Trainee: 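I have a structure here, written as structure tokens, and I will follow up with some questions on it.
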Amino acid sequence: MADSENQKFCLQEVLESFKSCLSPEKEIYIEHYVSGWKGLVKLLNSLGSLFGFISKDAVSKTQILMNFLKSENGPHYATVQSMVKFELDNKLVDVDKKGIYPESGCRTLLRLHRALRWLQLFLERLRTSKEDDKTSVMCRDAYNESLAQHHPWLIRKSAGMAFYSLPVRPAFFEVMNVGTPEQVVDVLGKAVPLLCEVYQITEELYQKHNLLDLP
Ligand SMILES: CCCCCCCC/C=C\CCCCCCCC(=O)N[C@@H](COP(=O)(O)O)[C@H](O)/C=C/CCCCCCCCCCCCC
């Protein structure tokens, strides 16, 4: 595991990354988008081995996008909008069938985009929760409302088991490294609309190009 994935999680840092990923023209910078996910993976890695398979998948998807960014086509992968245009113009996406480009930028980012919807729903539940509400239930409900619809039975079962091992709300708030519970709620209040905006821009772009069901 890379050193950066072992570092302490900080919610504020994740928020900064997602903030920086929006250009004034509302384009989404892939580098900052990925860096937001890398920050989240730090938290996942601190939750124990039951979350290992989730972390592995998130790391692999962020790595695919970073590799595109570092490749000779890197400038085309600067933003989600330029990536979509480049891959569609050059027929680098499996629009109709599976198998030719199983690791295109568009399908890889779509997986993280769906996970962003889960994150948004989970954080909103956390923000409005009471002290003794169960994080596992909040996480499960957010998952069932979003990502679960795209996952096969085995992944859904494994994810469900992992959720049971989530720390209780006060311990979870501690891990966020923000401060008092009131400060956590305050930061979550800023995080949710921001994630919502990033999600909405991507959703509309993918919808416009018919990319929301990429295999
Ligand atoms: C204030 C912060 C608190 C929240 C912190 C959350 C930290 C979460 C960090 C990362 C989330 C993981 C994102 C996972 C991306 C999953 C993408 C995906 O759907 N991949 C599947 C499909 O990919 P392909 O096979 O088509 O290439 C893949 O099959 C999935 C594998 C792993 C299972 C994913 C389950 C996701 C559950 C939601 C995350 C729960 C984390 C709970 C931590 C609180």
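Atoms within a ligand are numbered from 1 in the order they appear, just like the ligands themselves. Values in this document were obtained by computation on a predicted structure and should not be read as measured data.
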Trainee: Is Y77 linked to Y29 within one hydrophobic cluster, defined over Ile, Leu, Val, Met, Phe, Trp and Tyr using a side-chain heavy-atom separation of less than 4.5 Å?
Mentor: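 No: no chain of side-chain contacts under 4.5 Å links Y77 to Y29.
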Trainee: For the pair E174 (side chain) and P170 (backbone), establish whether a donor and an acceptor sit closer than 3.5 Å, ignoring hydrogens and angles.
Mentor: no
Trainee: In the protein, what heavy atom is nearest to atom 29 (O) of ligand 1, and what distance, to one decimal place, separates them?
Mentor: I155 CD1, 4.0 Å
Trainee: Side chain or backbone, does W118 bring an N or O within less than 3.5 Å of an N or O on ligand 1?
Mentor: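 No; the residue has no nitrogen or oxygen that sits under 3.5 Å from a nitrogen or oxygen of the ligand.
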Trainee: Which is closest to atom 40 (C) of ligand 1 in terms of heavy atoms, F163, F173, F172?
Mentor: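 When every heavy atom of F163, F173, F172 is considered, F163 comes closest to atom 40 (C) of ligand 1.
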Trainee: Give me the residue, atom name and distance of the protein heavy atom closest to atom 12 (C) of ligand 1.
Mentor: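 Nearest neighbour among protein heavy atoms for atom 12 (C) of ligand 1, to 0.1 Å: I54 CG2, 3.5 Å.
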Trainee: Which pairs, with at least one residue in residues 14-28 and sequence neighbours excluded, count as a side chain to side chain donor-acceptor pair (under 3.5 Å)?
Mentor: S17-S35, S23-E25, K26-E197, E27-T79
Trainee: Atom 15 (C) of ligand 1: which protein heavy atom is closest, and how many Å away?
Mentor: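 Sorting protein heavy atoms by distance from atom 15 (C) of ligand 1 puts A115 CB, 3.9 Å first.
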Trainee: For atom 10 (C) of ligand 1, what is the closest protein heavy atom, and at what distance to 0.1 Å?
Mentor: L44 CD2, 3.6 Å
Trainee: Test of understanding: given a 4.0 Å heavy-atom threshold, classify the contact between L166 and ligand 1 as side chain, backbone, both, or neither.
Mentor: side chain
Trainee: Does the protein put a heavy atom under 4.0 Å from atom 26 (O) of ligand 1?
Mentor: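 Yes; the ligand atom in question has protein heavy-atom contact below 4.0 Å.
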Trainee: Looking at atom 20 (N) of ligand 1, what's its closest protein heavy atom, distance included?
Mentor: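 Of every protein heavy atom, D57 OD2, 2.8 Å lies nearest to atom 20 (N) of ligand 1.
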Trainee: Which residue and atom name correspond to the protein heavy atom nearest atom 5 (C) of ligand 1, and how close is it?
Mentor: L43 CD2, 3.3 Å
Trainee: Using the side-chain contact (heavy atoms from CB on, under 4.5 Å) rule, pick out the option among L112, V59, V14, L65 that qualifies with W37.
Mentor: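 Among the candidates, only L112 passes.
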Trainee: With no hydrogens and no angle check, is any side-chain donor or acceptor of T128 less than 3.5 Å from a backbone partner on E124?
Mentor: yes
Trainee: Can you confirm, on distance only, whether ligand 1 has an N/O atom lying under 3.5 Å from any N/O atom belonging to Y143?
Mentor: no
Trainee: Would the distance check show the side chain of Y199 and the main-chain N or O of R114 forming a donor-acceptor pair, the cut-off being under 3.5 Å?
Mentor: no
Trainee: Show which atoms of ligand 1 fall inside a sub-4.0 Å distance from at least one heavy-atom site of R107.
Mentor: 24 (P), 26 (O), 27 (O)
Trainee: Is it possible for you to say whether V137 and Y143 belong to one hydrophobic cluster, with membership spreading through side-chain heavy-atom contacts below 4.5 Å?
Mentor: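 Different hydrophobic clusters.
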Trainee: Looking at ligand 1, does H151 have a heavy atom less than 4.0 Å from it?
Mentor: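 In this structure, H151 qualifies as a contact of ligand 1 - some heavy atom is under 4.0 Å.
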Trainee: I'd like to know if L47 contacts ligand 1, where contact means a heavy-atom distance under 4.0 Å to any ligand atom.
Mentor: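 True for this residue.
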Trainee: Would you indicate whether D89, at its atom CG, is surrounded by more than 12 heavy atoms from other residues, nucleotides or ligands within a distance under 6.0 Å?
Mentor: yes
Trainee: Treating D133 as the side-chain partner and S129 as the backbone partner, does any N or O pair qualify as donor plus acceptor under 3.5 Å?
Mentor: no
Trainee: Note the single closest protein heavy atom to atom 1 (C) of ligand 1, along with its residue, its atom name and the distance in Å.
Mentor: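 Among all protein heavy atoms, the one nearest atom 1 (C) of ligand 1 is L11 CD1, 3.4 Å.
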Trainee: What is the closest protein heavy atom to atom 22 (C) of ligand 1, and at what distance does it sit?
Mentor: R111 CG, 3.9 Å
Trainee: Which option wins on minimum heavy-atom distance to atom 23 (O) of ligand 1: K61, M138, H113, M176?
Mentor: K61
Trainee: Using a 4.0 Å heavy-atom cut-off, which part of T108 comes near ligand 1: side chain, backbone, both, or neither?
Mentor: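 Neither; nothing of T108 gets under 4.0 Å from ligand 1.
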Trainee: Take atom OH of Y164 as the centre, draw a 6.0 Å sphere, and report whether it contains more than 12 heavy atoms from other residues, nucleotides or ligands.
Mentor: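 No.
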Trainee: Side chain of R156, backbone of H151: donor and acceptor closer than 3.5 Å?
Mentor: yes
Trainee: So does Q183 have more than 12 non-hydrogen atoms from other groups sitting under 6.0 Å from CD?
Mentor: yes
Trainee: Could you walk me through whether K42 and E13 pass the salt bridge (Lys or Arg N to Asp or Glu O under 4.0 Å) check?
Mentor: CA-CA 11 Å; K42 286 184 203 165; E13 268 176 36; 3.6 Å; yes
Trainee: Kindly confirm or rule out an N or O of W37 lying under 3.5 angstrom from an N or O of ligand 1.
Mentor: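 N/O-N/O distance under 3.5 Å: no.
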Trainee: At less than 4.0 angstrom from any non-hydrogen atom of F51, what atoms of ligand 1 do you find?
Mentor: 42 (C)
Trainee: Could you list which atoms of ligand 1 come closer than 4.0 Å to a heavy atom of L123?
Mentor: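 Counting atoms of ligand 1 from 1, those under 4.0 Å from L123 are 1 (C), 2 (C), 3 (C).
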Trainee: Hey, are the side chains of K190 and L194 touching, using non-hydrogen atoms and a 4.5 Å cut-off?
Mentor: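 Contact flag for K190/L194 side chains = no.
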Trainee: In terms of atom number and element, which parts of ligand 1 are under 4.0 angstrom from non-hydrogen atoms of L40?
Mentor: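 Numbered from 1, ligand 1 contributes 5 (C), 7 (C), 9 (C).
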Trainee: Can you list the atoms of ligand 1 that are under 4.0 Å from a heavy atom of L147?
Mentor: 19 (O), 36 (C), 38 (C)
